[in-house]
Enquirer: 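Just dropping this structure here.
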Amino acid sequence: MAVLVTGGAGYIGSHTVLSLLMRGDEVVVLDNLSNASRESLRRVEQLTGKTATFIEGDILDRAVLQAVFAQHPIQSVIHFAGLKAVGESTRKPLEYYQNNVTGTLVLLEEMRAAGVKQFIFSSSATVYGANAPVPYVETTEIGGTTSPYGTSKLMVELILRDYAAADADFSAIALRYFNPVGAHDSGEIGEDPNGIPNNLLPYIAQVAVGRLPALGIFGDDYPTQDGTGVRDYIHVMDLAEGHLKALDKLPAIQGYKAYNLGAGEGYSVLEMLKAFELASGKPVPYEIKPRRAGDLAAFWADASLAEKELNWRVSRGLSEMMADTWRWQQKNPQGFAQ
Ligand code: NAD
Ligand code: UDP
């Protein structure tokens with residue numbers, strides 16, 4: 001039996017495909033390469049000595065999905081495919097709802113037609129909305145999202161909940177990621193954002209490698225330890241391993257469950273910057289800028305449910321996140337485009 005990984009050529013997807021292949025799972029990847037390079041999976045195959053079936057195609061394309069389910073013995077789906085830039089989603093809400101919500105609906109319908117009933121969804125801490133108490137815990141009601149991106153994740157979670165309630169054979173796990181960073185420790189695969197990075201760590205790494213002049217820190221007057229924003233950063237390989245644990249748990253799950261995947265502690269922007277400088281030996285110049293619209297001061301996960309029920313918790317700390325980010329960036333200053 002095989003697992004279908006949508007968006008498997010992307011950042012988190014490629015690391016998860018690597019983990020799946022390493023343990024011997026059969027993997028089929030469907031990705032339209034809108035935000036990824038074919039090279040990522042070539043490297044995964046070099047690293048693992050194993051092959052994943054790759055199909056270039058869109059989750060909105062029913063004919064492609066029908067062919068995938070007809071031609072491969074798919075038992076479960078890990079669904080990464082989607083658009084993920086919060087700021088862009090406020091400018092292009094229809095594209096975000098089309099890709100993230102309609103795309104997921106089309107995928108679920110074609111799964112149902114093919115009799116595939118096990119589903120893992122890439123959700124996000126953003127579904128807790130702006131007013132949830134910190135640390136975020138799964139018992140807090142989700143909602144109050146502040147961007148079309150966040151609302152698209154919320155909508156899919158609600159769709160999964162309702163579908164699972166209506167079909168006793170369908171089971172779904174939503175994994176609510178906190179802030180994924182880092183890279184595989186080979187430095188062969190990693191995060192390769194298009195254009196100027198939105199996220200903190202890719203930005204810092206591109207300053208260190210000389211592609212950008214200085215980091216802008218978005219606000220130093222938050223009510224946090226040093227005034228800069230606090231987030232729960234999680235190593236992408238820990239996150240990948242969380243998907244394997246969730247996949248193994250799915251047959252035992254009835255209905256829909258959500259789990260936080262985070263480290264359970266928060267670091268400030270300045271703490272991240274210092275940790276990166278220490279790991280890389282590179283100074284990272286920065287300047288304080290105004291707050292970024294929509295940013296929260298601080299949040300991190302209560303990750304105890306995943307530990308209890310999935311037997312998962314992070315095993316890689318800040319220094320590994322930084323060393324692995326830097327190894328990837330140094331070996332691949334222009335990302336996958338060499
Ligand atoms: P990514 O952009 O690297 O990966 C997404 C992949 O999906 C890309 O390879 C892209 O080409 C593909 N894709 C997009 N639309 C598609 C479509 N319609 N059909 C087929 N393929 C399509 O992003 P990532 O960081 O690896 O994120 C993976 C998932 O995790 C996304 O759903 C994202 O929203 C979610 N997530 C990411 C973060 C984060 O900070 N990286 C945090 C929380 C949740
Ligand atoms: N941040 C920053 N400068 C940047 C990018 C991010 O100061 O160039 C801060 C941001 O304000 C937040 C933290 O770094 O406090 C993490 O931001 P990121 O965009 O990586 O993740 P988010 O939690 O916003 O999804």
Side-chain angles (χ1 to χ4, degrees), residues 1-17 19-20 25-36 40-41 52-62 64-66 68-69 72 74-84 96-127 149-164 167 170-177 180 236 239-240 242-251 253 255-259 261 310:
M1 297 307 270
V3 50
L4 172 64
V5 183
T6 73
Y11 172 45
I12 306 168
S14 58
H15 289 79
T16 304
V17 169
S19 295
L20 289 165
D25 285 16
E26 191 182 333
V27 179
V28 177
V29 171
L30 174 67
D31 197 304
N32 66 3
L33 299 182
S34 60
N35 196 36
S40 65
L41 290 178
T53 302
F54 177 72
I55 296 149
E56 185 172 345
D58 201 295
I59 53 166
L60 285 152
D61 186 338
R62 286 184 188 277
V64 166
L65 290 170
Q66 285 159 8
V68 169
F69 289 120
H72 302 279
I74 308 291
Q75 187 175 37
S76 51
V77 176
I78 307 181
H79 178 38
F80 293 105
L83 302 177
K84 65 163 182 174
Y96 272 69
Y97 289 122
Q98 172 76 350
N99 248 281
N100 294 3
V101 182
T102 311
T104 306
L105 275 175
V106 170
L107 175 62
L108 288 169
E109 284 172 353
E110 294 306 328
M111 282 176 63
R112 183 177 58 185
V116 179
K117 299 287 181 111
Q118 298 190 6
F119 193 73
I120 293 178
F121 175 59
S122 296
S123 190
S124 162
T126 189
V127 299
Y149 169 74
T151 306
S152 75
K153 294 290 176 190
L154 174 68
M155 288 164 85
V156 170
E157 284 211 30
L158 297 178
I159 290 167
L160 293 176
R161 186 198 62 187
D162 291 347
Y163 178 29
D167 181 344
F170 177 74
S171 46
I173 293 180
L175 297 174
R176 296 177 182 157
Y177 311 158
V236 67
L239 191 56
H243 290 74
L244 274 58
K245 297 277 190 176
L247 199 59
D248 295 342
K249 181 80 176 174
L250 265 178
I253 288 216
Y256 149 83
K257 287 277 297 191
Y259 294 99
L261 294 187
L310 301 181

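None of these values were measured; they are calculated from a predicted model.
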Enquirer: State, to 0.1 Å, how close Val29 and Ala52 come at their nearest heavy-atom pair, and which atoms those are.
Expert: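 Val29 and Ala52 have their closest heavy atoms at CG2-CB, 4.4 Å.
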Enquirer: Please round to the nearest 0.5 Å and tell me the distance separating atom CD1 of Ile159 and atom CG of Leu154.
Expert: 9.5 Å
Enquirer: Could you measure the distance from the CZ atom of Phe121 to the CG atom of Leu107? Nearest 0.5 Å is fine.
Expert: 10.5 Å
Enquirer: Closest approach of Ile253 and Lys257, non-hydrogen atoms and distance?
Expert: CD1-CG, 3.6 Å
Enquirer: Identify the heavy atoms of Pro251 and Asp248 that sit nearest to each other, and give their distance.
Expert: CD-O, 3.4 Å
Enquirer: Taking all non-hydrogen atoms of both residues, which atom of Phe69 and which atom of Ala114 are closest, and how far apart?
Expert: CB-CB, 3.5 Å
Enquirer: Within a strict 4.5 Å, meaning less than it, do heavy atoms of the Leu30 and Val5 side chains meet?
Expert: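 Result no, sub-4.5 Å side-chain heavy-atom pair not found.
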Enquirer: Testing the basics here: between Leu310 and Ala246, what is the closest heavy-atom pair and its distance to 0.1 Å?
Expert: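 Closest approach of Leu310 to Ala246: CD2-CA, 4.2 Å.
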Enquirer: Where does the angle between the aromatic ring planes of Tyr149 and Tyr96 fall among parallel (under 30°), tilted (30 to 60°) and perpendicular (over 60°)?
Expert: perpendicular
Enquirer: Taking the side chain as C-beta and beyond, is there a heavy-atom pair between Val27 and Thr53 under 4.5 Å?
Expert: no
Enquirer: Contact between Phe54 and Leu33 at the side-chain level, heavy atoms closer than 4.5 Å - yes or no?
Expert: yes
Enquirer: Test side-chain contact (heavy atoms from CB on, under 4.5 Å) on Leu108 and Phe119 and set out the steps.
Expert: CA-CA 9 Å; Leu108 288 169; Phe119 193 73; 4.0 Å; yes
Enquirer: Does the side chain of Ser19 come under 3.5 Å of the side chain of His243 through a donor N or O and an acceptor N or O?
Expert: no
Enquirer: Is there a donor-acceptor pair under 3.5 Å between the side chain of Asn100 and the backbone N or O of Gly82?
Expert: no
Enquirer: Shortest non-hydrogen contact from Ser14 to Ala9?
Expert: CB-O, 4.1 Å
Enquirer: First locate atom CG of Leu247, then atom OG1 of Thr16, and finally report the distance between them rounded to the nearest 0.5 Å.
Expert: 10.5 Å
Enquirer: Do any N or O atoms from the side chain of Thr6 and from the backbone of Ala81 form a donor-acceptor pair under 3.5 angstrom?
Expert: yes
Enquirer: With distance as the sole test, does Ser123 use its side chain to make a donor-acceptor pair with the main-chain N or O of Leu175 at under 3.5 Å?
Expert: no
Enquirer: Rounded to the nearest 0.5 Å, what separates atom OG1 in Thr104 from atom CG in Asn99?
Expert: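 Rounded to the nearest 0.5 Å, the OG1-CG separation comes to 8.5 Å.
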Enquirer: Do the side chains of Met111 and Val77 get nearer than 4.5 Å, heavy atoms only?
Expert: yes
Enquirer: Decide yes or no on side-chain contact (heavy atoms from CB on, under 4.5 Å) for Ser122 and Phe80, but give the supporting numbers first.
Expert: CA-CA 5 Å; Ser122 296; Phe80 293 105; 3.1 Å; yes
Enquirer: Quick one, Val28 with Ile74, criterion side-chain contact (heavy atoms from CB on, under 4.5 Å). Give me CA distance, side-chain angles, the key distance, then yes/no.
Expert: CA-CA 8 Å; Val28 177; Ile74 308 291; 3.9 Å; yes
Enquirer: Angle class for the His15/Tyr11 ring planes (parallel below 30°, perpendicular above 60°, tilted otherwise)?
Expert: perpendicular
Enquirer: With the side chain counted from C-beta on, respond yes when Ser152 and Tyr97 share a heavy-atom pair under 4.5 Å apart, and no when they do not.
Expert: yes
Enquirer: When rounded to the nearest 0.5 angstrom, what distance separates OG in Ser76 from CE in Met1?
Expert: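 Answer for the OG-CE pair, Ser76 versus Met1, is 8.5 Å.
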Enquirer: Testing the 3.5 Å rule here: is there a donor-acceptor pair between the side chains of Ser171 and Gln118?
Expert: no
Enquirer: Walk me through it: do Leu250 and Ile173 pass the test side-chain contact (heavy atoms from CB on, under 4.5 Å)?
Expert: CA-CA 7 Å; Leu250 265 178; Ile173 293 180; 3.8 Å; yes
Enquirer: How about Leu4 and Ile78: do any of their side-chain heavy atoms sit closer than 4.5 Å?
Expert: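 Heavy-atom side-chain distance check fails, nothing below 4.5 Å.
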Enquirer: For the atom pair CZ (Arg176) and CG (Leu261), what is the distance rounded to the nearest 0.5 Å?
Expert: 10.5 Å
Enquirer: Distance-only check: which donor-acceptor pairs under 3.5 Å involve side-chain atoms of residues 55-62, not counting sequence neighbours?
Expert:
unit_1, atom_1, unit_2, atom_2, d
Asp58, OD1, Leu60, N, 2.8
Asp58, OD2, Asn32, ND2, 3.0
Asp61, OD1, Ala63, N, 3.1
Asp61, OD1, Val64, N, 3.3
Arg62, NH1, Glu109, OE1, 3.1
Arg62, NH1, Glu110, OE2, 2.8
Arg62, NH2, Glu109, OE1, 2.5

